[in-house]
Amino acid sequence: MIRKIPALAPLAGLAVFLLGWEIAVHLFAIPEFVLPAPSAMAATIWTEAGSLSLALAVTLAEALGGFALGIAAGLVIAMILVSAPPLEKAMLPLLVAINSVPVVAYTPLALIWLGIGSASKVTMVTLAVGFVVLLNMLHGLKKPEQGAIDLMRSFGAGRATIMWKLRLPAAMPSLVVALRVGIVRAMIVAIVTEMLGAYMGIGWIIFQATQQIGFREVWAAIAVSSLASMALYGALVWIDRRLVWWK
Amino acid sequence: MGTSPATSDDGQELPVIELVNVWKRFGAGSPSEVVAVSGVDLKIRPGEFITLIGPSGCGKSTLFNMIGGLEPCDDDGSILMRGRVQQDGELLGKVAFMPQKDLLFPWRTVVDNAILALEVEGVPVRQARERARAMLPDFGLAGFGDHYPHQLSGGMRQRVALMRTFLFERELILLDEPFGALDALTRAMMQRWLLDVWAEHRRTVLFITHDIDEAIFLGDRVVVMSARPGTIKCSETIDLPRPRDASIVTSPEFMAIKRRLLGAVEEESLKSFEAARADARRVGA
Ligand SMILES: Nc1ncnc2c1ncn2[C@@H]1O[C@H](COP(=O)(O)OP(=O)(O)OP(=O)(O)O)[C@@H](O)[C@H]1O
Ligand SMILES: [Mg+2]
């Protein structure tokens, strides 16, 4: 019984929020183009289910694909840089400079170079997630104190063994932070990139609907994508417990 | 193992480790040069339990790091293992080294921490775990094999670190103040326990301590280091009978040895204390 409460509490919170919203819309007669009632949104989601789920599938595929590629790229580059401190010193200012501009600012370039298909979205997400993973892992992989590294060396361990048995596990908590920030960023960047140029996906639906003053569709698309984000975040919390299994 | 022990030309068994005029200068040539170890000569014979005592900051850990191969010694001296001069880094993987901190990995269980060195050596994990599990009772860890370090007391953590060191089967074991952080009672228990384990898993041990009773109680030989720059001031063979039990520390023989060593140790502690005060005054001015 008690164990179920953590899952129930947020759901109850959500239900109260939606109910309050519904009542407020009717009570104050808020016009639909300002804020539609949840019931109206649900109805739209129902009637548009086909196109919305197709769009969601496209966006999710782009976000998750970029997420996976970003994790891989960030991990590999972080491991290389940590193994070669002079290289890290040379590269870090450049990386920080690139990262200090919001990734979205590079979107027009991505669209010009890669077209308005999925490639530009996946690339942008990879970039966004890759930086989060890279910067967190650079920190995490350097957490082990010199004494622990020396202990491994005294057993005859080389760099690769120290990386695998000491640095990587020590960096898992940092990776977890990176994944949580990264998954949210992945969805945001995928949708924003779609809004700036695409022919499918949630962002494209939002853009199209806004052009045609279809505010219900806009809200329906937003609701669907935030539900998907929540589900992804939930899945991630589950994965996180396996990454830092010892706590 | 299996082969006959290496012997020198005169037929004597070769020392496990021999230090010849070993120096360590940090920041050599700069105005802030620190001479941590100066001109140390030391022979450690097979099976010996040597305790090394000296004031804080006298270069004991530095000496250990050099014997463990973690840091090279300066060019004017050399370290020999079984009569062979060891080049920089050659000693890595040849000496079982237990640092001052337990340095257990929080993500590994007791058993998995204990087999760390075996894993590095490439022993299959299942086989290594079996060996570790068999040793748990010896180390007072029966039933704790699957616990994580944060679930253990300080004394238990120290025993896990010792077990990790013993499982890395090398002739020479280096222990850097393994009981320094424990309370007096736990410490006395651990000392007796260490002697039991040592009697069973016979190895050559070099043991660092601040504590003169501990040094005499454990050692076949007590080596006293001087204040910085650390050098060997004197050494005393302890021929108290083994096995030793707790009551021995109040015996007249023990007291006599202690009285002799105490003079040397206290003189050095005082020197290092005054040096620290002088440093503080210089920095303050
Ligand atoms: N990497 C280093 N660079 C410069 N100085 C160092 C370095 N390592 C140690 N020292 C200095 O060498 C001296 C000896 O240090 P060491 O750690 O060997 O002392 P210790 O005898 O082990 O002390 P304690 O009993 O407190 O552990 C100290 O003065 C220390 O400041
Ligand atoms: Mg020390």
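Residue numbering restarts at 1 for every chain, and letters A, B, ... go by the order of the sequence lines. Owing to the predicted nature of the structure, the values given are computational and were not obtained by experimental measurement.
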Peer 1: Nearest 0.5 Å please: distance from the CZ atom of Phe64(B) over to the CG atom of Asp150(A).
Peer 2: 14.5 Å

Peer 1: Is it true that, when you exclude Arg242(A) itself, more than 12 heavy atoms of the residues, nucleotides or ligands shown sit nearer than 6.0 Å to its CZ?
Peer 2: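 Counting other residues, nucleotides and ligands, CZ of Arg242(A) exceeds 12 neighbours.
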
Peer 1: For a 4.5 angstrom cut-off between non-hydrogen side-chain atoms, does Leu103(B) reach Glu145(A)?
Peer 2: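 When only atoms from C-beta onward are counted, Glu145(A) and Leu103(B) do touch, with a gap below 4.5 Å.
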
Peer 1: Would you find a donor on one side and an acceptor on the other, under 3.5 Å apart, between the side chain of Arg153(A) and the backbone of Leu92(B)?
Peer 2: no

Peer 1: Does atom NZ of Lys165(A) have more than 12 heavy-atom neighbours from other groups under 6.0 Å away?
Peer 2: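 Atom NZ in Lys165(A) is crowded, with more than 12 foreign heavy atoms closer than 6.0 Å.
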
Peer 1: Counting heavy-atom pairs closer than 4.5 Å to chain A, which one of Gly89(B), Ala96(B), Ala117(B), Pro99(B) comes out on top?
Peer 2: Ala117(B)

Peer 1: If you count every heavy atom of other residues, nucleotides or ligands that lies below 6.0 Å from Arg241(A) atom CZ, does the total exceed 12?
Peer 2: no

Peer 1: In the structure I gave you, are the side-chain heavy atoms of Met152(A) and Phe105(B) within less than 4.5 Å of one another anywhere?
Peer 2: yes

Peer 1: Is it true that, when you exclude His210(B) itself, more than 12 heavy atoms of the residues, nucleotides or ligands shown sit nearer than 6.0 Å to its NE2?
Peer 2: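 Yes.
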
Peer 1: If you round to the nearest 0.5 Å, how far is OG of Ser154(A) from CD1 of Ile67(B)?
Peer 2: 13.0 Å

Peer 1: Take atom CH2 of Trp246(A) as the centre, draw a 6.0 Å sphere, and report whether it contains more than 12 heavy atoms from other residues, nucleotides or ligands.
Peer 2: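 Yes - once you tally the heavy atoms of other residues, nucleotides and ligands closer than 6.0 Å, there are more than 12.
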
Peer 1: With only heavy atoms counted, which part of Arg108(B) is less than 4.5 Å from chain A, the side chain, the backbone, both or neither?
Peer 2: side chain

Peer 1: Taking atom CH2 of Trp164(A) as the centre, report whether more than 12 heavy atoms of other residues, nucleotides or ligands fall under 6.0 Å from it.
Peer 2: no

Peer 1: Check the surroundings of atom CG in Asp183(B): do more than 12 heavy atoms from other residues, nucleotides or ligands lie under 6.0 Å from it?
Peer 2: yes

Peer 1: Hey, which of Leu118(B), Leu116(B), Val95(B) is the one that makes side-chain contact (heavy atoms from CB on, under 4.5 Å) with Phe155(A)?
Peer 2: Leu116(B)

Peer 1: Does the side chain of Leu151(A) reach to within under 4.5 Å of the side chain of Arg164(B), using non-hydrogen atoms?
Peer 2: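 Yes, side chains in contact.
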
Peer 1: Against chain B, label Ile162(A) side chain, backbone, both or neither, depending on which of its atoms sit under 4.5 Å from a heavy atom there.
Peer 2: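 No part of Ile162(A) comes within 4.5 Å of chain B.
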
